[in-house]
Amino acid sequence: MDPLAVLAESRLLPLLTVRGGEDLLGLARVLEEEGVGVLEITLRTEKGLEALKALRKSGLLLGAGTVRSPKEAEAALEAGAAFLVSPGLLEEVAALAQARGVPYLPGVLTPTEVGRALALGLSALKFFPAEPFQGARVLKAYAEVFPEVRFLPTGGIKEEHLPHYAALPNLLAVGGSWLLQGDLEAVRAKVRAAKALLSPQAPG
C-alpha cells in the first residue's frame, strides 16, 4: 500500500500528539469509518512510539511526525510507521527513508528548501508552518514554479481555511490536529465537514 496514494485519496492527515488518556482504538475506528485511512502520530511526547505500536495492527496507515533524527526515524519505523514527517529537511533522515523504501515528507517553506528537497529526490513535501505564512497563496504560486511537487500543508490550519486549499492543483493532503480534538462524535463531525470542504467540487 502506497502511503502517498492513501494520503491523496484521503486528502486529510489527522495529527495526533499523545499525552495520555486518548481512546486510540476509538479514534482509529472513527477515521476508518469516515474514509480517512491515514494518521500521523507525532514524536513530541514519549507516548508517541507507544501509540504507533498500539495501532500498528489497525486498518490505518500510520506516519510518524516530528521526526528530528535518524535514531527517531529508526525507532518509528520499528514501531510501525509507514512514512516519516519532519518539521524541516534532514538529509540523514531522507537517506535512511530512501534506503528503507518509505516515503519521507520533510518540512519546507522557501523555494530554496523546495529545491534542496527535489535535489534529494523528494517530490512530496510538507509545507510548514502553513497558515502563519499564507500557505494557500504560496502553494498556488509554487504550482507554476514546481509543478512536479505535491504539498502537505500543516501548521495552524483550521476548518475555515480548507476551501482555500481545496482547489490547489499541487495539494497532496491537508494536515491538522484540530480534527482529533473533542470526543469521538466531535471527531467524526469534524472529519466529515473537512472531507466535504476538501472535495474536488468544493469552491476554492
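Keep in mind that this is a model prediction, so the values were computed, not measured. Numbering starts at 1 and runs along the sequence shown.
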Original post:
Which residue pairs pass the side-chain hydrogen bond (donor to acceptor under 3.5 Å, both in side chains) test with at least one member in residues 70-80, sequence neighbours excluded?
Top reply: Glu74-Arg100
Subject >> Listed once per pair and sorted, the side-chain hydrogen bond (donor to acceptor under 3.5 Å, both in side chains) pairs that draw on residues 38-49, sequence neighbours left out >> reply: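 Matches after skipping sequence neighbours: Thr17-Thr42, Arg44-Thr66.
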Atom pair [atom1] ([X]) and [atom2] ([Y]), whose distance is rounded to the nearest 0.5 Å:
| X | Y | atom1 | atom2 | value |
| --- | --- | --- | --- | --- |
| Leu27 | Leu55 | CG | CG | 8.5 Å |
| Leu171 | His164 | CG | NE2 | 13.5 Å |
| Tyr142 | Leu168 | OH | CG | 13.0 Å |
| Tyr104 | Leu120 | OH | CG | 9.0 Å |
| Leu184 | Arg188 | CG | CZ | 8.0 Å |
| Leu61 | Phe83 | CG | CZ | 6.0 Å |

Check the surroundings of atom [atom1] in [X]: do more than 12 heavy atoms from other residues, nucleotides or ligands lie under 6.0 Å from it?
| X | atom1 | result |
| --- | --- | --- |
| Glu33 | CD | yes |
| Glu160 | CD | yes |
| Arg68 | CZ | no |
| Glu91 | CD | no |

Spell out, as yes or no, whether a donor-acceptor pair under 3.5 Å connects the side chain of [X] to the backbone of [Y].
| X | Y | answer |
| --- | --- | --- |
| Lys190 | Gln181 | yes |
| Arg11 | Leu198 | yes |
| Asn170 | Leu139 | yes |
| Glu22 | Arg19 | yes |
| Ser58 | Leu60 | yes |
| Ser10 | Leu7 | no |

Minimum heavy-atom separation for [X] to [Y], with atom names?
| X | Y | value |
| --- | --- | --- |
| Leu179 | Ala194 | CD2-CB, 3.8 Å |
| Leu197 | Pro163 | CD2-CG, 4.0 Å |
| Leu39 | Leu13 | C-CD1, 4.0 Å |
| Leu122 | Pro106 | CD1-CG, 3.8 Å |
| Pro14 | Val36 | CD-CG1, 3.8 Å |
| Ala81 | Gly63 | CB-C, 4.4 Å |

Original post:
Which of these, Leu105, Leu77, Leu43, sits in a side-chain contact (heavy atoms from CB on, under 4.5 Å) with Leu84?
Top reply: Leu77
Original post:
Do Val93 and Phe128 belong to the same hydrophobic cluster, where Ile, Leu, Val, Met, Phe, Trp and Tyr are linked whenever their side-chain heavy atoms lie under 4.5 Å apart, directly or via other members?
Top reply: no
Original post:
Mind checking whether Leu31 and Val38 sit in one hydrophobic cluster, side chains of I, L, V, M, F, W, Y counted as touching below 4.5 Å?
Top reply: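 Yes, same cluster.
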Taking only residues two or more places apart in sequence or in another chain, which ones pass side-chain contact (heavy atoms from CB on, under 4.5 Å) with [X]?
| X | result |
| --- | --- |
| Glu92 | Pro70, Leu90 |
| Thr110 | Thr112, Glu113 |
| Ala186 | Asp183 |

Quiz: residues 145-158 side-chain donor-acceptor pairs under 3.5 angstrom, not counting sequence neighbours:
none

Original post:
Are any of the side-chain nitrogens in Lys195 or Glu34 under 4.0 Å away from the carboxylate oxygens of its partner?
Top reply: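 No, no charged N to carboxylate O under 4.0 Å.
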